[in-house]
Amino acid sequence: IGAGTYANNKTVAVSCTGEGEKFIRASAGARISMILQYAKRPLKSAVEETLLLVKELGGDGGIITVDKNGQVVTSTNDNMP
């Protein structure tokens with residue numbers, strides 16, 4: 001919890017799929033939530049930045065998010081099967 005699966009009523013719910021170790025190293029789910037809560041950046045920006053980090057770590061995958069207002073953002077990197 002905090003990597004590929006994460007939920008915080010104040011910010012976002014996140015589900016990731018792909019190379020789990022890379023998402024764990026990026027703390028992907030918690031990272032997206034923290035970007036929203038502390039950096040006050042848009043959800044799309046948070047998702048794309050986090051997925052870029054996963055890619056830089058050598059991982060492939062995708063992210064599905066729903067923020068506290070019901071906005072849905074999904075993204076996959078180029079090599080996602």
Side-chain angles (χ1 to χ4, degrees):
I1 301 296
T5 304
Y6 187 82
N8 181 331
N9 287 337
K10 295 178 182 180
T11 56
V12 68
V14 180
S15 181
C16 304
T17 186
E19 295 183 49
E21 180 181 329
K22 308 307 186 215
F23 284 92
I24 291 168
R25 289 180 58 200
S27 299
R31 178 185 192 84
I32 291 168
S33 179
M34 287 185 232
I35 291 170
L36 295 175
Q37 187 170 357
Y38 300 114
K40 307 289 187 201
R41 296 208 344 250
L43 180 57
K44 183 173 177 70
S45 171
V47 170
E48 290 176 352
E49 176 185 310
T50 301
L51 197 54
L52 180 61
L53 175 59
V54 170
K55 187 174 183 177
E56 289 172 356
L57 292 170
D60 293 321
I63 300 173
I64 301 169
T65 59
V66 181
D67 73 9
K68 67 179 182 178
N69 300 314
Q71 176 188 11
V72 175
V73 171
T74 65
S75 187
T76 61
N77 60 23
D78 298 336
N79 298 320
M80 176 66 185

Work out which heavy atom in [X] is nearest to a heavy atom in [Y]; give both atom names and the distance.
X: Asp60; Y: Phe23; value: O-CE1, 3.8 Å
X: Ala46; Y: Ile35; value: CB-CG2, 3.6 Å
X: Val47; Y: Ser75; value: CG1-CB, 3.7 Å

Distance check, rounded to the nearest 0.5 Å: [X] atom [atom1] versus [Y] atom [atom2]?
X: Met34; Y: Gln37; atom1: CE; atom2: CD; value: 8.5 Å
X: Ile24; Y: Glu19; atom1: CD1; atom2: CD; value: 11.5 Å
X: Ile32; Y: Glu49; atom1: CD1; atom2: CD; value: 9.5 Å

Problem set entry | Partner of Val73 under side chain to side chain contact (heavy atoms under 4.5 Å, CB included), chosen from Leu43, Ile63, Val66 | Leu43
Exercise. Do Leu36 and Lys68 have side chains that get closer than 4.5 Å, going by heavy atoms?
Worked result: no
Problem set entry | Listed partners of Ser33 passing side chain to side chain donor-acceptor pair (under 3.5 Å), at least two apart | Thr11
Exercise. Any donor-acceptor pair under 3.5 Å linking the side chain of Asp67 with the backbone of Asn69?
Worked result: yes
Exercise. Under 3.5 Å, is there a donor-acceptor pair between the side chain of Asn77 and the main chain of Gly61?
Worked result: yes
Exercise. Does CG belonging to Asn9 count more than 12 external heavy atoms closer than 6.0 Å?
Worked result: no
Exercise. Mind checking what makes salt bridge (Lys or Arg N to Asp or Glu O under 4.0 Å) contact with Lys44, not counting sequence neighbours?
Worked result: Glu48
Problem set entry | Set of side-chain contact (heavy atoms from CB on, under 4.5 Å) partners for Leu53, sequence neighbours left out | Ala26, Arg31, Glu56, Leu57
